[in-house]
*Asks:* 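So that we are looking at the same thing, I have put the structure below in structure tokens.
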Amino acid sequence: MTDSPAAVSTDHDAKDLAQIAARIAEHAAARVLELRALGVSVAASKSSATDVVTAADQESERLIVAAIQEVRPDDGILGEEGTGIPGTSGITWVIDPIDGTVNYLYDLPAYAVSIAATVADAAAYADGRRAIAGAVCNPRTSETFVAWQGGGAYRNGKPIRITGQEDLSVSLVATGFGYTVERRIEQAEMVARVIPRARDIRRNGSAAYDLCMLAAGRLDAYYEQGLQPWDYAAGVLIASEAGATLIGRDAATPPGESFMVVGAAGIVEELRSLALGQ
């Protein structure tokens, strides 16, 4: 990992933006790991008492915002922990300071810092933005996943690719659960429909890291309901650049909070129909 984020030019070159994202994500992830060794302090909760925010989430977001503003002062920023800064450049950084906070709380190794540079694109995703560069860094596994539009996907500098598995019966499928009772009931019903037809299900607890594991060939497919832009912005780009196909709830609904499925082109439609009970 690098010691600190470095200044680069202020143009919109996607590769440059990916390099910025990687430097800052690594810097923040290193600090998150340091803070974990000192002990975790729960600062607040969000959608329910089980949906926690740690002091490390808040410090990581402050660090990331300051680093972005230093090198890209005209860009907007949207952060999970409340940062909302308008920009004038056309670029908005979408950040998750710790994706997988409950794993972080329990010292489980599936958590990561996720940073994406996005542009407005109403058709691409339900939130109206599309990532053109991004990075996800897991400090516990010493992995940094990076991608930029048209440039491919990389893990620690080496190209990665999805498995391309198109037979659901031998596919390892990942998903996640929300934090409200109502959402969890819906998601449990989805799992009940999928698991008899798949090789197995994994619930790792970090959408960003799941999408990167899909990109690296450690999972065959991924679906989830209830994701927010900071959960998936960088990870979906990394998976897409590694060869994955992304679809939403139906042909008229872009992928996003309502629903998304990611995987090889030949499996996503089947998995969508199965999960949604169509």
Side-chain angles (χ1 to χ4, degrees), residues 46-51 96 99-103 106 108 110-112 114 124-127 136 161-240 242-278:
K46 294 185 284 190
S47 61
S48 73
T50 56
D51 186 9
D96 195 331
D99 188 61
T101 298
V102 173
N103 286 342
Y106 283 87
L108 296 172
Y111 60 84
S114 175
Y125 298 97
D127 67 297
V136 174
R161 197 75 183 165
I162 65 168
T163 64
Q165 178 58 255
E166 297 188 342
D167 182 348
L168 185 59
S169 69
V170 290
S171 293
L172 185 60
V173 179
T175 191
F177 305 133
Y179 288 99
T180 65
V181 171
E182 296 78 12
R183 177 57 55 82
R184 286 181 169 184
I185 289 172
E186 291 180 296
Q187 290 167 328
E189 291 170 351
M190 289 183 182
V191 169
R193 289 190 289 266
V194 172
I195 197 166
R197 300 274 295 276
R199 167 168 277 160
D200 209 346
I201 290 277
R202 292 291 181 268
R203 195 282 200 233
N204 298 304
S206 168
Y209 193 50
D210 271 342
L211 288 161
C212 291
M213 289 197 291
L214 170 63
R218 299 174 187 167
L219 298 167
D220 296 305
Y222 172 85
Y223 75 89
E224 191 159 350
Q225 176 189 30
L227 294 177
Q228 297 301 313
W230 41 79
D231 298 318
Y232 65 78
V236 160
L237 174 67
I238 292 164
S240 298
T245 296
L246 171 73
I247 59 174
R249 177 171 287 271
D250 52 52
T253 307
E257 182 177 5
S258 174
F259 193 70
M260 68 167 59
V261 183
V262 191
I267 200 176
V268 289
E269 290 284 357
E270 180 183 3
L271 183 54
R272 171 171 66 183
S273 296
L274 189 60
L276 295 176
Q278 297 174 342

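In what follows, every heavy atom counts, from backbone to side chain, and hydrogens, waters and symmetry copies are set aside.
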*Asks:* Please answer whether the main-chain N or O of Tyr223 pairs with a side-chain N or O of Thr175 as donor and acceptor at a distance below 3.5 Å.
*Replies:* yes
*Asks:* Val261 versus Leu246: any side-chain heavy-atom pair under 4.5 Å?
*Replies:* no
*Asks:* What's the verdict on side-chain contact (heavy atoms from CB on, under 4.5 Å) for Tyr209 and Asn204, showing C-alpha distance, side-chain angles and the deciding distance?
*Replies:* CA-CA 8 Å; Tyr209 193 50; Asn204 298 304; 5.7 Å; no
*Asks:* Closer than 3.5 angstrom, by distance alone: can the side chain of Gln225 be matched with the main-chain N or O of Gln187 as a donor-acceptor pair?
*Replies:* no
*Asks:* Taking all atoms of both residues into account, what is the closest heavy-atom pair of Ser206 and Asn103, and its distance?
*Replies:* N-ND2, 4.4 Å
*Asks:* Backbone N or O of Ser258 within a donor-acceptor pair of the Arg249 side chain at under 3.5 Å?
*Replies:* yes
*Asks:* Which heavy-atom pair separates Glu224 from Ala207 by the least distance, and what is that distance?
*Replies:* OE1-CB, 4.3 Å
*Asks:* Can any side-chain N or O of Glu166 pair as donor or acceptor with the backbone N or O of Ala264 at less than 3.5 Å?
*Replies:* no
*Asks:* For the CD1 atom of Ile238 and the CG atom of Leu214, what is their distance to the nearest 0.5 Å?
*Replies:* 11.0 Å
*Asks:* Are side-chain heavy atoms of Val236 and Met260 found at a separation under 4.5 Å?
*Replies:* yes
*Asks:* At their closest point, which heavy atom of Ala244 faces which heavy atom of Val262, and how far apart are they?
*Replies:* CB-CG1, 3.7 Å
*Asks:* Show the numbers, then the answer: is there a side-chain contact (heavy atoms from CB on, under 4.5 Å) between Leu274 and Arg197?
*Replies:* CA-CA 9 Å; Leu274 189 60; Arg197 300 274 295 276; 3.4 Å; yes
*Asks:* To the nearest 0.5 Å, what is the distance between CG on Leu219 and CZ on Arg199?
*Replies:* 12.0 Å
*Asks:* Once rounded to the nearest 0.5 Å, what's the spacing between atom CD of Glu186 and atom CG of Leu276?
*Replies:* 10.0 Å
*Asks:* For Ala192 and Pro196, work out which heavy atoms get closest and say how close.
*Replies:* O-CD, 3.1 Å
*Asks:* Output the distance between atom CG (Leu211) and atom CG (Leu227), rounded to the nearest 0.5 Å.
*Replies:* 7.5 Å
*Asks:* Within the structure provided, determine whether Ile185 and Val181 are in side-chain contact (heavy-atom separation under 4.5 Å).
*Replies:* yes
*Asks:* If you apply the rule side-chain contact (heavy atoms from CB on, under 4.5 Å), what do you find for Val173 with Leu168, and how did you get there?
*Replies:* CA-CA 9 Å; Val173 179; Leu168 185 59; 4.0 Å; yes
*Asks:* ring-ring contact (aromatic ring centres under 6.0 Å, His included) with Tyr232: which residues, sequence neighbours excluded?
*Replies:* Tyr125
*Asks:* Rounded to the nearest 0.5 Å, how far does CD1 of Ile201 lie from CD1 of Ile195?
*Replies:* 5.5 Å
*Asks:* So which pairs with a foot in residues 265-278 pass side chain to side chain donor-acceptor pair (under 3.5 Å), sequence neighbours left out?
*Replies:* Glu269-Arg272
*Asks:* Looking at every heavy atom in both Ser171 and Asp167, which two are closest together, and how far apart are they?
*Replies:* OG-O, 2.7 Å
*Asks:* Which pair of non-hydrogen atoms, one from Pro255 and one from Ala124, has the smallest distance, and what is that distance?
*Replies:* CD-O, 3.5 Å
*Asks:* If you apply the rule side-chain contact (heavy atoms from CB on, under 4.5 Å), what do you find for Tyr179 with Arg184, and how did you get there?
*Replies:* CA-CA 7 Å; Tyr179 288 99; Arg184 286 181 169 184; 3.5 Å; yes
*Asks:* Rounded to the nearest 0.5 Å, what separation is found between the CD1 atom of Ile267 and the OG1 atom of Thr163?
*Replies:* 8.0 Å
*Asks:* So, does Asp231 use its side chain to make a donor-acceptor pair with the main chain of Asp99 at under 3.5 Å?
*Replies:* no
